[in-house]
Amino acid sequence: MDRLWADNDDLRPDPDEALVVDVSGFEGPLDLLLHLARTQKVDLARISILALVEQYLVFIDRVRKLKLEIAADYLVMAAWLAYLKSKLLIPKQAGDEEESGEEMAAILQFRLKRLEAMRDMAARLVNRNRLGRDVFARGMPETVVVETTSTYSASLYDLLTAYAAQRQRQAITNVRIAKRAVWSLKEARDILIRLVGRMKDWTALDRFLIEYIAAPQERATVIASSFAASLELVREGKLEVRQDGAFATIYLRGGPKADRLAEVAYD
Amino acid sequence: MIDGGNAAMSFVDDDDPGGPEPFDNPAARLHLAETVRMAEAIVFASAEPVSEKALAARLPQGSNVRVVMTELQRVYEKRGVNLVRIGDAWAFRTAGDLAFLMNRDAVQQKKLSRAGLEVLAIAAYHQPVTRAEIEEIRGVETSKGTLDLLMETGWIRMRGRRRTPGRPVTYGTTDAFLDHFGLAEIRDLPGMDELKGAGLLSTRMPSNFQVPTPMADPGLLADDEDELTDIDLEELGLLTPKGGDD
Amino acid sequence: MIDGGNAAMSFVDDDDPGGPEPFDNPAARLHLAETVRMAEAIVFASAEPVSEKALAARLPQGSNVRVVMTELQRVYEKRGVNLVRIGDAWAFRTAGDLAFLMNRDAVQQKKLSRAGLEVLAIAAYHQPVTRAEIEEIRGVETSKGTLDLLMETGWIRMRGRRRTPGRPVTYGTTDAFLDHFGLAEIRDLPGMDELKGAGLLSTRMPSNFQVPTPMADPGLLADDEDELTDIDLEELGLLTPKGGDD
């Protein structure tokens with residue numbers, strides 16, 4: 001809950017140090033990738049995506065070997081990157097309508113650049129002259145200048161907080177929820193959207209997922225949940241699924257709705 | 001009243017509100033000076049920004065609030081206290097260059113966590129933005145309570161809903177955010193134009209985004225290529241992760 | 001330091017602090033101007049009058065506090081705000097002739113009580129809703145005063161009567177409510193998933209828990225709702241009975 005306020009923010013593991021292999025200090029797979037990209041010590045526009053993919057996969061392997069608990073996001077990303085790597089290494093086949101590995105790499109690079117830009121902007125923002133720290137308001141206000149339209153004030157946040165707290169109090173909350181094995185349908189859905197929802201390329205996600213989910217009892221739930229979630233997303237037009245024959249690899253890619261959502265967003 | 005104000009703005013040069021045009025008349029000039037004094041007293045008395053609407057209600061009828069405030073801003077430009085605009089409200093704040101003098105007494109403020117700061121920056125630069133978009137940009141689920149606490153701090157707010165299927169709630173920043181970070185408006189966020197130009201404020205990769213060349217290091221890649229050409233694609237997918245062991 | 005300040009006073013003419021004696025040197029004059037800016041910021045930001053001793057401690061070493069403050073006082077002499085000396089401390093005050101601006105319509109804005117917020121939120125999400133239903137949702141009796149107060153704010157209104165035994169009055173929100181909370185329409189209120197996503201609602205709610213989707217057009221009567229008639233309004237005491245003087 002209090003993750004909004006920093007305590008020991010800079011205690012991030014250094015993935016280069018063999019002894020410290022832990023993802024707990026990272027804000028998800030993209031953050032880890034960005035951190036690894038920085039170790040290439042070149043501009044993000046000039047990093048080798050292939051080398052980056054390699055670094056990530058090595059890192060995840062090391063973590064798995066030490067049997068450290070690792071969030072599903074990291075494994076899904078590993079699966080996707082392993083796929084990307086195969087695309088980058090195999091020349092594009094003639095008549096292949098799929099996006100090339102280079103295009104997939106470009107999208108990854110774009111996402112890394114965008115995240116890095118937001119980090120930079122966040123840093124510039126906190127270093128501005130801030131009210132109450134560098135710049136001050138009148139310390140001895142003489143009167144309350146108010147808009148005469150309303151005597152009472154409340155913010156939408158106040159309203160929603162009051163409502164949520166009240167409804168929560170009244171609801172019977174003694175329902176116990178069993179600890180999930182790995183993935184709920186919702187988790188699978190969220191992760192799929194976040195990782196492949198907007199990818200235009202056919203991705204054989206399940207194959208790579210199997211590779212990266214170690215425990216056999218987890219495989220069943222991961223595959224079942226991600227398959228069920230992908231069907232749901234297909235129905236909503238956010239995802240497309242392709243299978244060339246019975247028991248053949250299942251490919252996924254972003255559907256037409258996934259694109260439209262993004263376009264409307266930034267008109 | 002504010003509309004009237006904007007219309008009258010055309011007579012006045014922003015950089016030189018004391019120019020000849022509107023103040024030719026000594027009586028008009030005196031009148032403006034008196035209105036400026038009144039605005040000064042009202043805004044100075046308040047610790048919170050005073051909206052132009054509230055000012056218009058208290059200044060003599062027919063006052064052009066924007067002209068008055070621009071003049072007052074000019075008067076305070078080089079002083080130890082400056083008049084700043086926050087959205088469509090005005091406030092006096094100590095001058096930024098005197099921060100060294102002021103912040104030694106500042107109450108130690110809680111520091112935003114990295115996650116909190118990132119969500120705040122994304123909400124500011126990408127607004128209106130949905131939670132799913134924030135998560136897409138960060139590549140990670142937003143922990144429960146990050147948005148909640150940012151809303152409690154009064155820096156971000158729910159703005160409305162995106163007019164798309166599912167009508168997701170959108171987030172954006174508040175005037176308190178502008179006030180806290182010393183911004184007159186969202187357009188003044190640092191680096192806004194560069195980010196826009198680079199296409200980094202879009203949810204999808206823009207078509208003009210420079211497609212990088214992962215083969216920037218051709219030597220390394222060529223070696224790998226030779227080694228692996230014989231290997232079947234399916235096998236490769238399964239074997240790849242183990243390649244990292246050696 | 002204060003003594004030093006007083007001693008230096010003898011060189012300066014109060015009415016003309018820019019006189020020849022101490023400011024002959026342009027560097028000294030610049031230095032004074034900068035010190036005046038600092039003093040201005042310190043006094044402005046302080047929550048109480050600032051003593052000359054406190055000023056001396058924060059201004060550049062060797063500053064003549066009395067000279068600095070006298071200069072600052074001169075700057076503010078004819079402005080909407082004046083610098084006044086109270087004993088040996090300094091503070092800004094609204095100019096005496098503008099005091100009339102301060103007291104007019106100084107309505108103290110009050111925060112809505114917790115009960116008020118709850119009833120308001122229930123009226124928004126569950127409208128059209130009767131008082132009995134509000135009480136059922138809250139699990140406590142709602143005092144009539146709370147509803148009266150909310151109607152006084154102009155945020156909730158009586159919509160009509162439910163077509164059930166007893167014909168209870170139904171309540172809902174007004175356009176002023178949307179305006180105050182920055183909502184384009186009532187459907188913009190976040191739903192259950194969004195309340196959870198923002199961290200306002202626990203993710204571990206019972207499966208039968210629901211947050212209603214507010215109606216698309218709250219202006220229209222629901223199927224089981226009748227319009228309020230003049231007679232209803234009379235009964236509710238909102239309309240003086242025709243001819244009645246009490």
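Below, read A as the first sequence line, B as the second, and so on, with proteins coming before strands; counting in each chain starts at 1.
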Can you tell me if CG on B/D188 sees more than 12 non-hydrogen neighbours from other groups inside 6.0 Å?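 Enclosed: over 12 neighbouring heavy atoms sit under 6.0 Å from CG of B/D188.
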
How long is the span from the CG atom in B/D148 to the CG atom in C/L195, to the nearest 0.5 Å?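 Atom-to-atom, B/D148:CG and C/L195:CG are 10.5 Å apart.
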
Is any side-chain heavy atom of [X] less than 4.5 Å from a side-chain heavy atom of [Y]?
| X | Y | value |
| --- | --- | --- |
| C/D97 | B/R37 | yes |
| B/V75 | C/R79 | yes |
| B/R157 | C/F181 | no |
| B/R161 | C/L183 | no |

In terms of heavy-atom proximity below 4.5 Å to chain C, should B/M158 be classed as side chain, backbone, both, or neither?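 Side chain only.
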
Under a 4.5 Å heavy-atom cut-off, does chain C meet the side chain of B/Y171, its backbone, both or neither?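 The answer is the side chain of B/Y171.
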
By salt bridge (charged side-chain N to carboxylate O under 4.0 Å, His left out) - contacts of C/R159 (at least two apart):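 If we apply the salt bridge (charged side-chain N to carboxylate O under 4.0 Å, His left out) test to C/R159, skipping adjacent residues, the hits are C/E225.
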
Can you list the residues that meet the salt bridge (charged side-chain N to carboxylate O under 4.0 Å, His left out) rule with C/E185, with sequence neighbours excluded?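 Per chain and number, C/E185 pairs via salt bridge (charged side-chain N to carboxylate O under 4.0 Å, His left out) with B/R163, B/R167, C/R187.
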
With only heavy atoms counted, which part of C/L72 is less than 4.5 Å from chain B, the side chain, the backbone, both or neither?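 Only the side chain of C/L72 comes within 4.5 Å of chain B.
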
Residue part contacting chain B, namely of C/A184, when any heavy atom lies under 4.5 Å: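 For C/A184, side-chain heavy atoms alone lie under 4.5 Å from chain B.
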
Taking B/L101's backbone N and O only, do any of them form a donor-acceptor pair with C/R58's side chain (distance below 3.5 Å, no angle check)?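 Present.
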
Heavy-atom pair count under 4.5 Å with chain B, highest-scoring of C/D193, C/I42, C/T94: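 Counting heavy-atom pairs under 4.5 Å, the top option is C/I42.
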
Thinking salt bridges, do B/K78 and C/E34 make one under a 4.0 Å N-O criterion?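 Looking at C/E34 together with B/K78, the answer is no, because their closest N to O distance does not fall below 4.0 Å.
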
Kindly give the heavy-atom pair with the smallest separation between C/M38 and B/L98, and that separation in Å.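 Looking at all heavy atoms of both residues, the shortest contact is CG-CD2, 4.0 Å.
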
Over all heavy atoms of both residues, which pair between B/G80 and C/A41 is shortest? Give the atoms and the distance, please.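 Scanning both residues, the minimum pair turns out to be O-CB, 3.5 Å.
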
Report the relative orientation of the aromatic rings in B/F44 and C/F44; use parallel for angles under 30°, tilted for 30 to 60°, perpendicular for over 60°.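 Rings of B/F44 and C/F44: perpendicular, over 60°.
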
